[in-house]
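Written out below as structure tokens is the structure these notes cover.
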Amino acid sequence: MLTFELPINPPYSYERLRSRLESHPDQQFQLIPECSMLRRAFRIETESFLVTLAFKGGLETPVLQVQTDKSLSAAQQEKLRKTVRHMFQADVDLEPVYQHMQTDQRLAPLTERFRGLRFLLDPDLFQSMVRTIIGQQLNLAFAATLTERLLTLAGDVVHDEQGQPFHVFPTAEAIARLEIEQLRQLQFSQRKAEYIIDFARAVVNRRVELDRLELMSDEEAIGYLTALRGIGRWTVECLLMFGMGRPDLLPAADIGLRNGIQLVYDLPEKPDEAKIRAIGESWAPWRSYISLYVWEAFGAFRRGEFAQPSADA
DNA sequence: GGCCAGGCTAGCA
DNA sequence: TGCTAGCATGGC
């Protein structure tokens with residue numbers, strides 16, 4: 001067993017994280033809101049184990065307390081620290097983003113309403129890509145169901161002290177070994193099953209090298225990955241945002257973002273992709289973060305928790 | 001019961 | 001180069 005603390009660059013809101021996880025179900029996380037905690041299984045190298053993450057210190061002096069259910073080697077500890085800092089964007093400074101949003105009267109109210117909201121990133125790029133392909137065109141609830149079935153089919157499992165199972169996302173090797181028909185039985189469409197297995201096989205046989213993305217610009221990464229069947233621009237934009245935490249992506253084809261921009265900018269009809277890109281120009285160089293806030297604004301609006309900015313005026 | 005979901009491809013003009 | 005049907009199913 002191992003415990004350590006990670007300071008987080010303030011502000012960080014556990015409440016906003018919880019709200020996002022509730023509207024974006026992820027079977028890999030267990031939420032324990034009464035003590036501001038999360039649990040999930042991690043896989044570091046070949047070992048899977050359970051991690052409890054406790055958010056201390058509140059919005060303005062946040063600290064993340066990390067506890068594992070088994071002891072780790074020094075190398076594994078270092079990898080876990082790095083992965084956790086990455087996933088929770090512990091080093092990101094939101095102040096320049098908020099200052100930028102203050103210059104747009106439509107965005108300014110979001111900085112207070114959602115203060116401390118950050119991305120919850122995927123722990124690795126393979127997982128991020130597979131989850132994004134599953135999410136293509138499907139509602140979030142059904143995408144989560146399909147992801148959970150894939151985890152159960154092909155992922156490792158670890159148990160907590162009560163025997164409750166925590167599934168670990170399958171490795172590329174495990175998915176590469178699957179047959180199309182196995183995913184069809186889980187209610188994946190024929191094409192989605194092909195895209196996911198083909199991608200896993202491309203990673204395993206090194207036809208695609210995800211490590212190389214680190215050295216590429218956003219546009220280079222989009223060119224590199226959209227060469228693969230089943231991977232379009234939206235999918236890579238999401239990978240760069242939710243897998244890598246790149247700050248300036250705008251998935252203009254995204255239906256949720258289109259709904260969010262229509263709401264925040266009080267537009268009479270749903271904006272098309274060109275209109276989204278035109279509006280997003282002024283969000284640079286923080287288009288990813290502002291997209292996140294606009295997504296959350298629309299989610300809160302749908303739950304009846306957030307009024308249109310113009311309705312307040 | 002119809003339409004929309006955090007899209008993409010193949011096929012056709 | 002640009003447009004559209006089809007994909008699978010859940011939720012409203």
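Chain identifiers are assigned alphabetically (A, B, ...) following the order of the sequence lines, protein sequences preceding nucleic acid strands; residue numbering begins at 1 within each chain.
- Atom CZ in R303(A) sits about 14 Å away from atom P in dC12(C), given to the nearest Å.
- Per the geometry, CZ belonging to R131(A) stands 15 Å off P belonging to dG7(B), to the nearest Å.
- In this structure, R40(A) satisfies the cation-pi test against F29(A), with its NZ or CZ atom closer than 6.0 Å to the six-membered ring centre and inside 45 degrees of the ring normal.
- Contacts between residues 221-234 of chain A and DNA chain C, counted as heavy-atom distances below 4.0 Å, involve no residue at all.
- As a whole-Å value, the separation of M129(A) CE from dC8(B) P is 10 Å.
- When heavy atoms are screened at a 4.0 angstrom cut-off, T235(A) is found touching the sugar-phosphate backbone but no base atom.
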message: Pair E161(A), R39(A) - check salt bridge (Lys or Arg N to Asp or Glu O under 4.0 Å), show working.
response: CA-CA 13 Å; E161(A) 59 280 5; R39(A) 303 182 91 183; 3.5 Å; yes
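- Within a 6.0 Å sphere centred on CD of E269(A), other residues, nucleotides and ligands contribute 12 heavy atoms or fewer.
- Summary of the strand contacts: A141(A) and Q137(A) both lie near DNA chain C, and taking for each the nucleotide with the nearest heavy atom, the more 5' one is attributed to Q137(A).
- Whole-Å rounding puts the I134(A) CD1 to dG7(B) C1' distance at 14 Å.
- Stacking of R81(A) on the aromatic ring of F4(A) is recorded, both the 6.0 Å distance cut-off and the 45° axial limit being met.
- Remark: dA8(C) base-pairs with no nucleotide; criterion is Watson-Crick or G-U wobble with both hydrogen-bond distances under 3.5 Å.
- Counting any heavy atom pair closer than 4.0 Å across all strands shown, R302(A) reaches sugar-phosphate atoms only and no base atom.
- A donor atom on one side chain and an acceptor atom on the other are found under 3.5 Å apart for D104(A) and Y265(A).
- Nucleotide dC4(B) holds its C1' atom 17 Å from the CD atom of Q136(A), rounded to whole Å.
- Residue-level contact check: I255(A) touches the backbone only, with heavy atoms under 4.0 Å from sugar-phosphate atoms and none from bases.
- Across all strands, F242(A) comes closer than 4.0 Å to base atoms (heavy-atom distances).
- For dG11(B) and dA8(C), the P atoms lie 15 Å apart once the distance is rounded to whole Å.
- Listed in residue order, the members of residues 270-297 of chain A having a heavy atom less than 4.0 Å from DNA chain C come to none.
- By the ring pair (Phe, Tyr, Trp, His ring centres under 6.0 Å) test, Y12(A) pairs with F55(A), sequence neighbours left out.
- The distance between atom CD1 of I180(A) and atom C1' of dA8(C), rounded to the nearest whole Å, is 15 Å.
- Legend: salt bridge (Lys or Arg N to Asp or Glu O under 4.0 Å) pairs involving residues 130-141 of chain A, not counting sequence neighbours, sorted by first then second residue: D26(A)-R131(A), D122(A)-R131(A).
- Within the structure, ring pair (Phe, Tyr, Trp, His ring centres under 6.0 Å) contacts touching residues 201-242 of chain A (residues at least two apart or in different chains) are F119(A)-F242(A), F242(A)-W295(A).
- In this structure, the CG atom of L150(A) is 16 Å from the P atom of dT9(C), given to the nearest Å.
- For the pair R258(A) (side chain) and P271(A) (backbone), a donor-acceptor distance under 3.5 Å is present.
- Regarding F142(A), its CZ atom lies at a distance of 15 Å from the P atom of dC7(C), rounded to whole Å.
- Between G280(A) and R287(A), the closest heavy-atom pair is O-CD, 3.2 Å.
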message: Please determine whether salt bridge (Lys or Arg N to Asp or Glu O under 4.0 Å) holds for the pair R229(A) and E194(A), giving the CA-CA distance in whole Å, both sets of side-chain angles, and the decisive distance to 0.1 Å.
response: CA-CA 9 Å; R229(A) 187 165 166 271; E194(A) 292 169 8; 3.2 Å; yes
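- Near DNA chain C, meaning a heavy atom under 4.0 Å away, the residues from residues 186-200 of chain A are Q187(A), S189(A), Q190(A), R191(A).
- Looking at heavy-atom distances under 4.0 Å, R20(A) makes contact with a base.
- Between E237(A) and R233(A), at least one side-chain N (NZ, or NE/NH1/NH2) sits under 4.0 Å from a carboxylate O, which counts as a salt bridge.
- Judged by atom type and distance alone, N139(A) reaches the base of dG10(C) through a side-chain donor-acceptor pair under 3.5 Å.
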